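Atom set for the values below is all heavy atoms of this structure, side chains included, hydrogens, waters and symmetry mates excluded. Order of the sequence lines sets the chain letters (A, B, ...), proteins ahead of strands, with each chain counted from 1. Small disclaimer: the values here were computed from a predicted structure and weren't measured.
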Number of protein chains: 2
Amino acid sequence: MLVAVGEVSELGAGDAAAEPAWSERQSAVLEAALRLIVESGDALTMSAVARRASCSKETLYKWFGDRDGLLTATVQWQASKVQVAPVDRARLDLASLGASLTQFAAGWLTVISSDTSVALNRLAVSHAGSHKTDLGRIVLDNGRLAMGRRLKPVLEAGRAAGLIAFDDTEAAFRVFFGLVARDIQIRLLLGDRIDLSAAEIDRDARAATRQFLALHPGAGQGRD
Amino acid sequence: MLVAVGEVSELGAGDAAAEPAWSERQSAVLEAALRLIVESGDALTMSAVARRASCSKETLYKWFGDRDGLLTATVQWQASKVQVAPVDRARLDLASLGASLTQFAAGWLTVISSDTSVALNRLAVSHAGSHKTDLGRIVLDNGRLAMGRRLKPVLEAGRAAGLIAFDDTEAAFRVFFGLVARDIQIRLLLGDRIDLSAAEIDRDARAATRQFLALHPGAGQGRD
DNA sequence: TCCGAACCGTAACGTACGGTACGCTGCATT
DNA sequence: AATGCAGCGTACCGTACGTTACGGTTCGGA
């Protein structure tokens, strides 16, 4: 499941996108909305959220403006909860690099195969079609792009240490993305049932890492 | 529910999985629906389809039963149009195998980056969430699974010829899938703008093929 | 020419839902 | 105690849309 860190402490970096910092009660409402999204997908209604959260619709509109505001707040609130542990960059040999990549891939597979991720991605995909608010952009920023921001330094450190070689960091990351995710995400979004036990995730993460390292051998590194 | 065309009472020749075989006029209606889906996504209405196709709503309901029936018919009709040329398996050397894979990958990238594919996949993802009809299953069958059915014989022929090696055909196909698609489909579904010129598609297809062959070298095949 | 089937255009119906208004309760402050 | 406010519950409104019904038109066949 997704890891909740309880409290998000914004360490500086007060960007234009200010942190709403919802209260306890508001977080409970958002959690109810999230559960309803997971259960009923896009069919969630304001009345259902109010009923589930034991609050009035008027409060929902006062707090979140309109339905889109509630959905956006829910997505951002969930994104703020997902804080994958930073990849360890202490020592840099091929074993530790491989371990970091494997850990990264396993965490990623765990997230994208979770009910919550599937539901929110479905929601964002729906709204990316013809809607004004860009939930798609938010999900993209906190999913695919956040992954890139977190992994690229690891890849570049590995390259600097001569463990792996590539020209374009972005391209290398996308190859790793493909090797890890393959068809899993699209199949899940389309409703295919995939079990994905922890053992399978670990095996798949190791396989993806092995393949990635094989495709980008560093100086002096032969094939496996 | 879906209504069979022409109300075949007992005139035999009615197979279980009969081809709907829409008439010319009905195909025009489906084309109009498809265009509207591409333009406005899930927000398409029966009135809009009737208006665009210059037909009455009553006719829509007579032909397709209900809104879901129209959507299902549209998706299936579009799927029947997409017929990628079968991969050439005449000669089997490493060059022809690579050419087949590259051609396959390029066609695939072209399809999944098309407006039509993005729109229909969005529609199917939306309906996979909480809906009764399984547009997701249809899209999956005609997309990801059809690709597998078409490519797997090529991979196995290459293995039989000793050009490539792998244990599990399904697993090998999924690796190829990942190397070709990477993050493209999910980014497009989430509304990210990707240009993907023909030159880029060709370059990416060649890169994916090269990487796939490198990961599954056949007996006697070294590295590139 | 007449008839019926298919179909177009549109009006109408029912419902679901987003959004708003209002009365009520509990609590904090003065 | 009085006051004000935040929030709950519910009724209500307007609209959009799926679905149905109906009158008018075209067209092929008897």
*Among pairs that include at least one residue of residues 176-205 of chain B, which meet ring-ring contact (aromatic ring centres under 6.0 Å, His included), considering only residues two or more places apart or in two chains?*
Trp108(B)-Phe177(B), Phe176(B)-Phe212(B)

Within this structure, what is the [atom1]-to-[atom2] distance between [X] and [N], rounded to whole angstrom?
{"X": "Met46(B)", "N": "dA11(C)", "atom1": "CE", "atom2": "P", "value": "19 Å"}
{"X": "Lys62(B)", "N": "dC8(C)", "atom1": "NZ", "atom2": "C1'", "value": "11 Å"}
{"X": "Asp66(A)", "N": "dG19(C)", "atom1": "CG", "atom2": "C1'", "value": "10 Å"}
{"X": "Leu60(B)", "N": "dG9(C)", "atom1": "CG", "atom2": "P", "value": "11 Å"}
{"X": "Lys57(B)", "N": "dG9(C)", "atom1": "NZ", "atom2": "P", "value": "13 Å"}
{"X": "Tyr61(B)", "N": "dG9(C)", "atom1": "OH", "atom2": "C1'", "value": "15 Å"}

*Sequence neighbours left out, what pairs pass salt bridge (Lys or Arg N to Asp or Glu O under 4.0 Å) with at least one residue falling in residues 166-176 of chain A?*
Arg144(A)-Glu170(A), Lys152(A)-Glu170(A), Arg174(A)-Asp183(B)

_Take a 6.0 Å sphere around CZ of Arg35(B) and say whether it holds more than 12 heavy atoms from other residues, nucleotides or ligands._
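It does not: Arg35(B) CZ has 12 such atoms or fewer within range.
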
_I'd like the 5' and 3' limits of the part of DNA chain D contacted by chain A, with heavy-atom contacts below 4.0 Å._
dG7(D) to dG9(D)

*Just compare dG9(C), dC7(C), dA12(C) and give me whichever is closest to any side-chain atom of Thr59(B).*
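Among dG9(C), dC7(C), dA12(C), the one nearest the side chain of Thr59(B) is dC7(C).
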
_Classify Leu44(B) by what it touches in the nucleic acid, base, sugar-phosphate, or nothing, heavy-atom distance under 4.0 Å._
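Touches sugar-phosphate only.
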
*Mapping Thr45(A) and Ser56(A) onto DNA chain C by nearest heavy atom, which one lands closer to the 5' end?*
Thr45(A)

_Earlier contact from the 5' end, DNA chain C, for Glu58(A) and Ala53(B)_ =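 Taking each residue's closest nucleotide, the earlier one in sequence belongs to Ala53(B).
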
*asked:* If you define the side chain from C-beta out and look only at heavy atoms, does anything of Val175(A) sit under 4.5 Å from Leu179(B)?
replied: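 A side-chain contact exists here, since the closest heavy-atom pair is under 4.5 Å.
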
*Would you say the side chains of Thr59(A) and Ser56(A) form a donor-acceptor pair under 3.5 Å?*
yes

*asked:* Among Leu135(A), Leu34(A), Leu36(A), exactly one meets side-chain contact (heavy atoms from CB on, under 4.5 Å) together with Thr74(A). Which residue is that?
replied: Leu34(A)

_Salt-bridge contact Asp115(B)-Arg122(B) (side-chain N to carboxylate O under 4.0 Å)_ =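 No, Asp115(B) and Arg122(B) are not salt-bridged.
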
_Residue-phosphate contact under 4.0 Å: Trp63(B) side-chain N/O, dA6(C) OP1/OP2_ =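 Checking Trp63(B) against dA6(C): no side-chain N or O falls below 4.0 Å of OP1 or OP2.
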
